[in-house]
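Below is one structure; the comments refer to it alone.
Note: hydrogens, waters and symmetry copies are ignored here, and every other heavy atom, side chains too, is used. Numbered from 1 within each chain, the chains take letters A, B, ... in sequence-line order. The structure displayed is predicted, hence computed values, not measured ones.
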Amino acid sequence: MNQDQPTCHSASPEPSPSETFVAFTAGLWKQNPVFVMVLGMCPTLAITNSVRNAIAMGLATTFVMASANAFISMVRKLVPKQVRIATYISMIATSVTIVDYLVKAISIPVYKALGPFIPLIVSNCLTLERAESYAGKNPIGKSILDGLGMGLGFTFALTCLGTVREVLGAGTFLGFPLFGSNFEPWVLFLLPPGGFITLAMWLLTFTLWRERSDKRKRAREAALEKPVEIAS
Amino acid sequence: MNWLSSRSFSQGVHVPEFKDATCRLPIRRLPFAPVLIVPLSQHTGAPAVSIVREGQEVVRGEPIAKAGGFVSVPMHAPATGRVERIALAPTARGDLSPAIFIKPYPGASQEILYGAPQDIEHMTPEQIIAAVQETGVVGLGGAAFPTHVKMKLPEGKRVDTVIVNGCECEPYLTTDHRVMVEQPAEVLAGARIAMKAIGASRAIVGVEDNKPDAIDALRKAAAPYTNLTIQSIAAKYPQGAEKILIQVLLGREVPSGGLPSDVGTAVFNVATLAQIGDLLPRHQGLIERVVTITGPGVAKPGNYLAALGTPLRWALEKVGCNAGVASVILGGPMMGAAVGSLDVPLTKGVTGVLVLTSREVNGSRKIYPCIKCAACVEACPMHLNPSRLGLLARKERYEEMENVFHLNDCFECGSCSYVCPANIPLVQYFRLAKQMNRKRKAIA
Amino acid sequence: MKPVIELRTSPHLHAPRSVETIMRNVVYALLPICAYAVWLFGASALALLVTTTAACVATEIFICKMSGRESSVGDFSVIITGLLLGLILPPGFPLWMAAVGGFIAVAPGKMLFGGLGFNVFNPALVARAFLQAAFPVAIMGYTPALAVHRLSEFIPTTFAIPLIKAAPLAGWIEKTRVDAFSGATPLMLEKFDHVHSELWPLLIGQRAGSSGETPALLIFLCGAYLILRRFMDWRIPAAMLTSALVSSAAFYFSDPSRYPNPFFMLLSGGMMLGAMFMATDPVASPVTPLGIWIYGSLIGLITVLIRLKGGLAEGVMYAILLANAMSPLIDNVTQPRSYGARGKEVA
Amino acid sequence: MNESLSHIFVDALLINNFVLCVFLGMCSFIGLSGKFSTAWRMGVSVMFVIIVSSILSYGTNLVLVRFHAEYLRIITYIVIIAATVQLTEMFIKKTSPALFRAMGVYLPLITTNCAVLAVPLFQTSRNYSFVQSVVFAIAASGGYTIAIVTLSLVRERVELSDVPSLAKGTALTLVLAAILSMAFMGFAGMGNGG
Amino acid sequence: MTNSWQMIRLLGAVSLLCGLLIVGTQVNTAARIRSNQETIMRESVARLLPGIEKQIVYGIQPSGDLIILPGIEVSGPRFFAGYDAAGNFLGVVMEASERGYADVISAMYSYSPDTRTITGFQVIDMKETPGLGNKISSDLPFLENFKHLDATRPIATVKHGAKKNPWEIDAISGATISSRAVGRMLQKSVAEVAPVIERNLDRIKRGQ
Ligand SMILES: Cc1cc2nc3c(=O)[nH]c(=O)nc-3n(C[C@H](O)[C@H](O)[C@H](O)COP(=O)(O)O)c2cc1C
Ligand SMILES: Cc1cc2nc3c(=O)[nH]c(=O)nc-3n(C[C@H](O)[C@H](O)[C@H](O)COP(=O)(O)O)c2cc1C
Ligand SMILES: Cc1cc2nc3c(=O)[nH]c(=O)nc-3n(C[C@H](O)[C@H](O)[C@H](O)COP(=O)(O)O)c2cc1C
Ligand SMILES: Cc1cc2nc3c(=O)[nH]c(=O)nc-3n(C[C@H](O)[C@H](O)[C@H](O)CO)c2cc1C
Ligand code: SF4
Ligand code: SF4
Ligand code: SF4
Ligand code: SF4
Ligand code: FES
């Protein structure tokens, strides 16, 4: 992949080897693929009009990422530079095909609900991004953890969106009615614009939250600095 | 209103004229001020070079400075008197520039003793151009560009038509109007001199139809000449801008960044030609000009023949200023600049002095964001998009303004600012943008 | 004489009109329509107009305060938004939903972009599109004009409890004793049941519809006032109505049994209100002369296509929003050729 | 379904617009719509790659079906797309360096654009004929281009406004996309109403 | 040279690995997937024809003749015939689809050749608007239409509350377009398939 591409959402510095745990947690929160890196937008918007589908999609993606990361990490030392992307893509496509069949075998209704978005995990930029920037450089254990972490972070984000959309749009959560049958649903949230709006709201919330915590952190640092100044 | 036969252009604005206060008053002479301040740079181009010493006596019409190059003109003494000093004097732009201070002798006859008749019929175009330079005449329409430079065509250019600009589309001003009414013969004589110098075969005088007496006077004077046409055109601002006038009269469009000579024409203001027609046969220098002094703040508005160098404060005292003067503007209300000091002199380029009271100036208008009403786009005579230019200027995207939206074609006529309901200071933005672009280019 | 001199830059003259004047006059032009709407549809229409306007104004004040800006309510534009939003909703629309709409119009529809002049889309229509997608059933609950108890009684849906489904309208409509009212607007009747409407009731607004969209003649006259006083660009309604007329005439003459009379197209639905007051929102329309014609024609054409070929009975709102979205493009490709430009054009 | 070509066209272009209604190619729609110059180049590149890879996938699918190897669809389609992108890149680089400088950066991004993979997948699952597939590819990629170009111009206009700092960035882009997508709801049911 | 040879070998190995994995999955899940699909179909049919114990899938050939299909994977013009435990013919279940408001609606419905009525209706797949169009699968009054829908006359959809005749469908208010689509799909499908069934009714009743 081209290094100077316009939307290079490259991740923050790699976690150091001693912090294997970080490989897992980063994706959940600090480098959340949806809220922070803004990757994998298509399923995020398309498959979140119910919590059930959101979770299913998230787990399918998690599986692909963990297994693709595992394959790639295994062969990373053998693959010459020229065919790196081709190899990665084949491996991801393999994982996806496997998931495709597995979901079909588990539940046809879920498979129908996810529509074309399972095969499309192949071209989900998140998958390739992690393959390139993490699994291609790290040992297998950590790569799997990274895939799992990122995948679960993705699942978490999808669930966040799915919850808002399902609760407001249908008045239910995971299919259970929350407000009784007289609730007036806001159909909009189940429709395409609702996807955009919900994601915008979540991003705004995150920006607000981050700004607040930044401010608090700065305040704390300032408070810490003062006594040092006095001492010197 | 014979709107069928009247020519005009498609954009522009109809601005209230305010010309009634002065347009019927004959030109009167303003007395000499105790001190006349003659700046060495009253024109576009290189400043003139002083040829007098402090304390020297000068006679009215005597050259006191010589041209500082080809794009420059000499200066002549506006009055008989003594050169008091040569020092820095404030200018209308707000900075200081060297000027010759002359103290007129109160008792002198003030006769013009300089000059000798010359036979224009037998002069070559080169001789005429040289003679025009010696008169010190520059564009009296406001730009003060040396007239002889305009007459000297670049290699390979040909001009077939001289256009005489008698539009005077700025509100309040009636200088050109009075000149046309009172000196039609001089205007036409000047036009014929210009034709000869340039080698043009005809001249068209464009006059807006709100000056029927001027049209009559010129038509009468032009009767003997077949190659002089007086064309009445429907009044609209800014018809007097030369690019627009050329389009209205000839249907030709001066290319962006080009000159009138690119489309075979040259444009002269009526007052400029009247001075040439008057001074050239006598080989004299330009020492005074007609200035409209008007506005709600003036007690005796009118057109005054003022010696060049008359300080503004003195001129205003002579015409009487009402209380509550808030702003004094050199030129018309649409393009003129407010002055910061009343000590600046009236120079060759000053067409009028407009005095506004606090009633016009105050109640300063609230600025709203652009509501994209398109009024400015409808108004811009250059077919620019002032709305977009204004938005870009707010974001300091000056380069884009120049490269994509033709900023440099804007001649700052103010039509857009005039109509803008959001009161956005568009022209001010555009001036700033041009300045920033020049600065950026100078650094690069 | 020592005058205090003020240094200002040219031009020193200014045309008398300001943004505030324009907006205030648009409000004046809307008031007769509002009054007529109240007469046609009664107390509920009044409550609706008050609610939308109050919600819009309150949202604007709130956001100005939050962001520490000077309140911009004084420019009257938000009142136009509020009144128009009320006029384009069905008279019995639940007030709580209308309030949500007022918030949507001003918060994401206008202030998010920086307030007056910066929004890309017509705020009132953004709100209506939101409401139509969020509450498609409620927004199709039309009631007849001139119902008997309209001035003394509210339409029951008006006071629906927030977040709770509104009661059905059928009972109330029966009580109003308007003969054979089916709960459908003339456009719906035409489209879904092929029932044609008379033109005269359309002209004077005695039909079902959004509270302020029905009196085509009155709307035209109010718009004409703004046009004559040059507060509004006549070219947009001219282009929009002409293109709607021409394109629907093309359909009509291809198959008169299937497609409605072109004049029906002009007088029904929100065509007149859209043409006179909503497509003309200067903020969301192009500024170039050619662009304005293209923009207006595009709205007329899309409206007719949606009405005759689409799944919905009415298309003015979507047509205007789509044209709003296209207006930056239209503006860019129709930059006027500047005086003296040599073939070089704006990219 | 034996859908008519015009219906396939209008459906993929407007009614079920790939970007605004089906949510495909979202990352580039959000990430590359900041500038018109970028957006239309991306749009043209995507159109080209989608049309070529749709044709190639149609042929490949015939072979896969013939040998009952449908399980290789995903992997072959993505390889076709990656190869098309690679070849296009090499071809442009050779024939027009100027065009390559303008378009070069966008080409690699297309491989990870869901919209590109979706076209062959959809045409297969809907059993489109060859002509139907091509029309579908043109309309779907045209719909992508319309959406990204429109959004880019709207965003360029919003650049000139005083957007509150809090709302700047992706959230604002999403709100614009939401309004666009609401406006596109007007096309719903086009061609089969009344 | 050796370099590219190595590369080719590597790519070959990768492809082999991928291929093996995919084929492995496919082989292991195929049976499961088929049985899943069959279950779904069978459940749908059972819901439309209560009491069904045995079903036969008939394919309609271009000539108009019937053949018995081996299973549900074979698509194309077809219908299901259902029988109770005693082997008595219960009716047929047919598939139909039509463009609705948002996209194609596909559905199954049961038909009784003896009375020439439609006796049940079930949506299989649709993308209609939640809360409006998607009521065609859940709205009880609407589904009531299909308990006894006369198919001897052209089926017509009428506005909500305007149903007067047994061959009319009372539309869902606010979702007229989706309701119409249902009417159209039934009308088209009955017109196409009913004559074929009629001609072969004896054979179907016998279950051959
Ligand atoms: C640098 C410069 C060079 C010019 N050269 C010529 C010239 O060669 N011939 C000419 O007719 N006018 C020339 N002009 C004058 C312009 O055409 C124009 O008349 C002058 O700028 C005043 O016009 P305005 O009052 O409309 O601004 C020149 C002006 C400038 C600033
Ligand atoms: C907006 C604008 C308005 C102008 N109006 C007049 C006018 O009314 N009368 C006039 O003589 N010159 C007017 N000018 C200046 C002319 O463009 C031109 O410079 C002048 O006629 C040339 O004659 P001069 O060099 O003899 O002054 C105007 C220029 C501009 C940019
Ligand atoms: C957002 C939205 C979604 C809609 N979805 C459907 C739908 O899924 N099915 C349908 O028949 N009508 C739908 N409609 C409404 C139709 O366009 C049309 O207005 C309605 O079918 C008319 O029915 P009525 O005459 O019973 O009121 C929708 C309208 C909107 C605004
Ligand atoms: C002629 C005219 C029409 C207008 N139409 C609308 C409108 O349809 N919707 C709206 O919200 N504001 C309208 N406004 C008010 C104002 O332009 C609008 O609130 C801005 O879009 C806010 O930036 C209109 C203003 C004028 C002058
Ligand atoms: S793989 Fe990710 S980090 Fe690397 S260049 Fe591509 S987008 Fe940037
Ligand atoms: S000042 Fe410039 S932009 Fe404005 S109207 Fe005049 S020429 Fe056009
Ligand atoms: S006149 Fe003023 S408000 Fe109107 S478009 Fe121009 S700049 Fe904007
Ligand atoms: S698809 Fe991935 S690589 Fe392409 S623009 Fe989106 S984030 Fe970037
Ligand atoms: S997930 Fe579809 S383009 Fe990124």
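- The closest side-chain donor-acceptor pair between D:Asn113 and D:Ser28 falls under 3.5 angstrom.
- When side chains are defined from C-beta on, A:Thr127 does not count as touching A:Val122, because their heavy atoms never get closer than 4.5 Å.
- For the 3.5 Å distance criterion, the side chains of D:Ser54 and D:Gln123 qualify, holding a donor opposite an acceptor.
- Within the 4.5 angstrom heavy-atom criterion, only side-chain atoms of A:Phe117, from C-beta onward, approach chain D.
- When A:Pro192, A:Ser90, A:Ala200, A:Gly195 are compared by the number of non-hydrogen pairs under 4.5 Å with chain D, A:Pro192 comes out ahead.
- For a residue to count as touching a neighbouring chain, one of its non-hydrogen atoms must lie under 4.5 Å from one of that chain's; by this rule D:Leu117 touches chain A with backbone and side chain alike.
- Looking at A:Leu188, only its side chain comes within 4.5 Å of chain D, counting heavy atoms on both sides.
- Crowding of D:Phe48 atom CZ: a count of heavy atoms from other residues, nucleotides or ligands under 6.0 Å not exceeding 12.
- Across all their heavy atoms, A:Ile72 and A:Ala131 have their closest contact at CD1-CB, 3.6 Å.
- Interface residue D:Phe122: only side-chain heavy atoms are found under 4.5 Å from chain A.
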